[in-house]
Amino acid sequence: MDLKGKYYKAFLDRENKLRSQYSQERAKKQHKKGKLTAQERLDLLFDADTFEEIDTFVTPDNQGLEFGKVEESFGDGVITGHGKINGRLIFAYAQDFTIMGGSLGIVHARKIAKIQEMALKMGAPIIALIDSGGARIQEGIASLTGYASIFQNIIQSSGIIPQIAVIMGPAAGGAVYSPALMDFVFMVNYTSFMFVTGPNVVKEVLNEDVTLEELGGAEVHAKKSGVAHFIYDDEENTIIGLKKFLSYLPSNNVENPPVVEEEVDMQDINDKLLEIVPDDPNKAYDVIEVIENIFDRNSFFEVAELYAPNLVVGFARLNGITTGIVANQPKVLAGVLDIDSSVKGARFIRFCDSFNIPILTLEDVPGFLPGIDQEHDGIIRNGAKLLYAYSEATVPKITVILRKSYGGAYIVMNSKNLGGDFNFAWPTAEIAVMGPDAAVTILFRRELEKSDDPVKLKADLVKQYRDKVANPYIADEKGFIDEVIDPAITRKKLISAFTALSNKWVQVPSRKHGNIPL
Ligand code: HXC
């Protein structure tokens with residue numbers, strides 16, 4: 001065959017036609033909105049010259065359309081393929097808003113489904129770069145079935161490969177449920193939006209005026225709905241953040257998380273840890289300082305920083321090994337557990353458990369948040385999620401009680417009898433059924449009513465309770481915790497404990513699946 005003759009010409013013609021499709025004009029439109037094109041995003045994300053596109057030349061299905069027509073284009077508005085990110089195999093798809101608003105028609109959907117199935121077979125993470133107006137209206141039911149197969153694939157891959165969505169424009173209608181089903185969602189401030197029904201429908205149905213930003217902007221989803229785990233101010237920084245984040249994750253559920261072999265510049269004994277928790281139990285402090293003084297320097301990557309900040313979750317490295325951290329944050333609402341923090345913690349724990357990431361819990365929690373709103377909105381049902389997730393997780397689980405550990409919150413934060421492998425406490429720990437104030441009010445109600453000086457009596461009783469009950473030594477002596485440790489040696493203790501647990505194996509009872517209280 002003469003490859004320089006007519007066969008080669010036909011091949012080149014197609015290539016040229018493809019290149020002209022991605023015109024400067026289209027790119028300009030994206031840039032004007034502060035967005036990159038799908039191809040530019042992939043170029044930033046993947047190691048140079050490693051991305052291999054597949055299904056480049058598929059064309060949309062224009063058959064049997066009853067309403068409007070679809071734009072003739074190669075690729076049908078989505079680029080799919082695989083490549084290397086920091087040397088590791090990753091699959092990806094990037095929707096192209098310049099072609100029919102990145103809307104999802106049946107061919108577009110089939111391309112995504114194909115790449116999803118490949119990622120699952122190869123045991124490699126998949127990244128979705130989303131910029132889409134949702135189901136392609138012209139294609140009707142066909143595009144809805146396309147979404148259904150994509151959702152089905154995400155659900156089948158859940159817990160087997162990490163799945164990450166990055167919203168880089170609109171994610172409207174059906175486009176929102178892929179990210180919602182995936183493990184983590186990144187959003188770009190001011191240029192990305194997620195909503196099931198847009199401002200026009202809100203106006204029509206409810207006669208309410210709302211902007212795109214107010215309805216489904218990045219900040220709304222990072223702070224209020226909890227849909228977005230990470231937000232950045234522009235696409236470049238979002239991609240830098242995503243690449244760093246990937247370095248903490250294994251490629252699939254049978255791999256261990258990657259180990260960073262660099263020399264760690266950290267002392268095993270760190271006296272700074274003696275100074276962070278204040279002597280006064282009512283004073284706040286920042287638990288992130290504790291994390292930073294235990295884990296490898298600058299290795300903490302917080303997840304969902306803006307949502308339910310009374311519970312901190314994230315990944316850090318301990319001697320190079322990824323560890324999941326769940327920590328009550330005393331500087332926000334005294335670190336109390338409420339509905340949002342329970343759900344945030346539970347989902348994070350389940351991710352760690354799916355992907356063999358050991359979990360450290362740092363506990364300083366006065367209890368569950370009381371109140372009519374919390375009770376009526378379901379703190380019982382939602383608190384149960386955290387309880388369930390901790391108990392269900394079979395990865396190595398260690399708790400360090402830093403200070404308050406009262407009541408149900410003691411139980412839920414990976415207590416010994418809930419399956420904690422090692423449970424340590426600092427000398428500042430207060431472990432009891434409830435805090436001193438509440439205990440004295442209940443046990444000495446009559447005495448306080450009869451007293452001439454109830455304020456002094458209460459203060460005396462609170463002090464007695466604190467001295468006798470609210471300390472770690474009763475729990476230590478009864479074996480409910482494993483050891484009261486010197487805070488300065490926490491890092492050393494944890495390295496040794498996690499090493500001892502590195503081959504932990506738990507036989508789980510055979511069943512279809514448990515019934516987590518969703
Ligand atoms: C077909 C679409 C489209 C769609 C946008 N376009 N969305 N084509 N189907 N769903 C096309 C537009 O017609 C336009 O084509 C081009 O994409 C760019 O769109 P613009 O509106 O000009 O852009 P912009 O002003 O930036 O607004 C973007 C947008 C808006 C906010 C996403 O397009 C929009 O509201 N689209 C519809 C969103 C929506 O309601 N989707 C839900 C679909 S139903 P031209 O040719 O003019 O360039 C759904 C069902 C599943 O998804 C539900 C499961 C829960």
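Start at 1 and go down the list; that is how both ligands and their atoms are numbered. Every value quoted in this text rests on a predicted model; they were computed, and no experiment measured them. The chain is numbered in sequence order, starting from 1.
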* Should K9 and D13 count as an ion pair when the cut-off is N to O under 4.0 Å? -> yes
* Asked: Sequence neighbours excluded, which residues qualify as salt bridge (Lys or Arg N to Asp or Glu O under 4.0 Å) partners of D296?
  -> R491
* To do: Under the salt bridge (Lys or Arg N to Asp or Glu O under 4.0 Å) rule, collect the residues that match up with R41, sequence neighbours excluded.
  => D131, E235
Any protein N/O atoms within less than 3.5 Å of an N/O atom in ligand 1? List the atom names and distances, or say none.
| unit_1 | atom_1 | unit_2 | atom_2 | d |
| --- | --- | --- | --- | --- |
| ligand 1 | 9 (N) | I137 | N | 3.1 |
| ligand 1 | 10 (N) | G133 | O | 3.0 |
| ligand 1 | 10 (N) | A135 | O | 2.9 |
| ligand 1 | 17 (O) | G101 | N | 3.0 |
| ligand 1 | 26 (O) | K33 | NZ | 3.3 |
| ligand 1 | 41 (N) | G133 | O | 2.8 |
| ligand 1 | 52 (O) | A135 | N | 3.0 |
| ligand 1 | 52 (O) | G174 | N | 2.8 |

* Which class fits the ring pair F74 and F57: parallel under 30°, tilted 30 to 60°, perpendicular over 60°? -> perpendicular
* Structure fact -> side-chain hydrogen bond (donor to acceptor under 3.5 Å, both in side chains) pairs touching residues 140-156, sequence neighbours excluded, are Q116-N153, E117-N153
* To do: For the residue pair S225 and Y307, confirm or rule out a side-chain donor-acceptor distance under 3.5 Å.
  => no
